Amino acid sequence: MISTQAWVDAQQLWDFQQMGHEPRPCSVAIGLGSHDLGVADVTADLYHRGMAPLIVFTGATSRTTRERMPRGEAEHYRDRAVELGVPADVILVEPNARNTGDNILFSHTLLEARRITVSSVLLVSKPYEERRAYATARKLWPDVEWVSASTPMTLPEYVDSIQDARLVIDMLVGAQQRLMIYPRQGFMIEQEIPDDVAAAYQRLRSEGFTSRLVPEDASHG
């Protein structure tokens with residue numbers, strides 16, 4: 001059983017991850033690969049709304065996606081977007097990234113190689129990783145404007161979609177940890193962590209929601 005306090009704390013972390021950006025037209029949309037095809041759905045919707053003329057999907061496979069997405073996350077995202085009516089010729093695939101830092105750096109390299117001028121990017125991620133993705137992008141590609149986007153859904157809706165409440169809370173705790181330790185490792189910009197968010201994180205760690213934590217000296221993931 002997950003305690004009432006744990007749900008309150010999880011909601012605190014969920015709310016903190018939401019950047020609250022209003023989507024607006026940008027040079028390109030970058031969809032970050034993961035297990036969640038909702039990222040491809042949101043990216044396709046943003047394209048159809050005229051928010052980006054070009055899409056980059058970035059991602060290889062991971063232990064959580066190698067069976068469901070054997071050709072790579074970015075390739076499966078592209079297939080999904082094409083199913084949703086996005087023309088194949090406006091989608092670029094970056095198939096090698098294995099973490100968020102790679103997603104940003106490899107996408108940047110791909111766009112530079114294509115001589116595509118980028119001044120702003122719609123950064124599409126999972127809902128519980130908006131802030132983490134934004135902080136990474138701002139650090140690694142600082143000279144463009146970043147606009148965060150994700151599937152508009154509540155924490156209970158996301159839990160229902162994943163069908164594993166404990167895993168979702170573990171992932172929230174892992175994302176929060178990275179926001180706290182990666183800036184000093186040079187992977188993200190520093191962001192102020194409100195006291196109530198830090199307290200919620202510590203309580204969830206104490207309750208055992210730790211499967212997505214990384215060692216304090218871990219390389220970027």
Side-chain angles (χ1 to χ4, degrees), residues 1-21 32-36 38-39 59-68 73 97-104 123-140 146 148-221:
M1 289 290 292
I2 296 172
S3 70
T4 300
Q5 183 62 56
W7 280 116
V8 171
D9 291 338
Q11 185 68 56
Q12 193 89 35
L13 299 191
W14 177 273
D15 292 344
F16 185 59
Q17 277 288 342
Q18 305 293 301
M19 296 297 297
H21 292 170
L32 304 183
S34 72
H35 64 273
D36 188 350
V39 173
T61 58
S62 69
R63 59 191 173 87
T64 57
T65 62
R66 65 172 60 102
E67 290 186 8
R68 291 177 53 208
E73 295 154 6
R98 295 191 177 276
N99 58 54
T100 309
D102 285 355
N103 289 142
I104 303 304
L123 184 63
V124 189
S125 66
K126 300 184 292 295
Y128 66 86
E129 288 193 337
E130 268 197 29
R131 187 175 294 272
R132 173 189 171 186
Y134 175 81
T136 304
R138 283 280 310 279
K139 179 70 176 184
L140 298 179
W146 294 93
S148 296
S150 66
T151 306
M153 63 198 314
T154 65
L155 174 58
E157 287 170 341
Y158 195 76
V159 169
D160 285 346
S161 74
I162 299 297
Q163 291 292 301
D164 189 336
R166 179 163 285 275
L167 175 62
V168 171
I169 299 178
D170 280 345
M171 292 190 294
L172 279 165
V173 172
Q176 183 63 39
Q177 183 207 28
R178 288 158 177 78
L179 285 173
M180 299 166 80
I181 68 172
Y182 278 177
R184 64 177 177 263
Q185 296 178 16
F187 299 137
M188 292 180 180
I189 61 167
E190 189 81 43
Q191 295 186 89
E192 183 177 352
I193 309 296
D195 290 344
D196 55 354
V197 172
Y201 163 74
Q202 291 295 346
R203 281 192 296 269
L204 289 169
R205 281 192 65 151
S206 297
E207 285 205 36
F209 294 97
T210 57
S211 76
R212 293 305 173 107
L213 296 182
V214 295
E216 296 288 307
D217 61 351
S219 61
H220 187 27

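All of these numbers come straight from a predicted model, not from anything done at the bench.
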Any chance you could lay out the side chain to side chain contact (heavy atoms under 4.5 Å, CB included) test for W7 and V159, step after step, and finish with the verdict? CA-CA 11 Å; W7 280 116; V159 169; 4.1 Å; yes

Out of Q18, Q17, Q11, which one pairs with D15 under the side chain to side chain donor-acceptor pair (under 3.5 Å) rule? Q11

Note: S148 and E130 closest approach over all heavy atoms is CB-OE1, 3.6 Å

Cationic tip of R178 above F187 ring, under 6.0 Å, 45° of axis: no

Y128 and Y158 aromatic ring geometry - parallel, tilted or perpendicular at 30°/60° bounds: perpendicular

Answer yes or no: is there a donor N or O on one side and an acceptor on the other, between the side chain of Q12 and the main chain of V197, under 3.5 Å? no

Distance check, rounded to the nearest 0.5 Å: E190 atom CD versus R184 atom CZ? 8.5 Å

Begin with the C-alpha distance, continue with both residues' side-chain angles, and end with the deciding distance and a verdict on salt bridge (charged side-chain N to carboxylate O under 4.0 Å, His left out) for K126 and D36. CA-CA 7 Å; K126 300 184 292 295; D36 188 350; over 6 Å; no

For A97 against N103, the heavy-atom pair lying closest together: CB-ND2, 3.2 Å

A side-chain contact here means heavy atoms from C-beta on lying under 4.5 Å apart; do L179 and F16 qualify? yes

For T210, side chain to side chain contact (heavy atoms under 4.5 Å, CB included) partners two or more places apart: L213

Residues P127 and T151: closest non-hydrogen pair is CG-O, 3.7 Å

I'd like to know if the side chain of Q185 and the backbone of E216 have a donor-acceptor N/O pair within less than 3.5 Å. yes

One should read off an interatomic distance between L204 CG and L172 CG, to the nearest 0.5 angstrom, of 8.5 Å

Testing the basics here: between S211 and D170, what is the closest heavy-atom pair and its distance to 0.1 Å? OG-OD2, 2.8 Å

Quick one: pull up CH2 in W14 and CE in M171 and give me the separation to the nearest 0.5 Å. 9.0 Å

Go through it in stages, so that I can follow the logic: the residues are L140 and M188, the test is side chain to side chain contact (heavy atoms under 4.5 Å, CB included), and I'd like the CA-CA distance, side-chain angles, deciding distance and then a yes or no. CA-CA 8 Å; L140 298 179; M188 292 180 180; over 6 Å; no

Main-chain N/O of G59 paired to R98 side chain as donor or acceptor, under 3.5 Å: no

How close do I104 and A137 get, counting heavy atoms only, and between which atoms? CD1-CB, 3.9 Å

Determine whether E207 and I2 satisfy the following criterion, side chain to side chain contact (heavy atoms under 4.5 Å, CB included), listing intermediate values before the conclusion. CA-CA 9 Å; E207 285 205 36; I2 296 172; 6.0 Å; no

What's the shortest heavy-atom distance between G33 and E73, and which atoms? C-OE1, 3.3 Å

What is the distance from atom CZ of R203 to atom CG of D9, rounded to the nearest 0.5 Å? 4.0 Å

Could you check Y182 against V214 for side chain to side chain contact (heavy atoms under 4.5 Å, CB included), going step by step and ending with a plain yes or no? CA-CA 10 Å; Y182 278 177; V214 295; 4.1 Å; yes

Value for CD (E129) from OG (S34), rounded to nearest 0.5 Å, stands at 7.5 Å

Just by modelled atom types, is the W146 backbone N or O under 3.5 Å from a matching donor or acceptor in the R138 side chain? no

With sequence neighbours excluded, what pairs up with H21 under the ring-ring contact (aromatic ring centres under 6.0 Å, His included) test? Y134

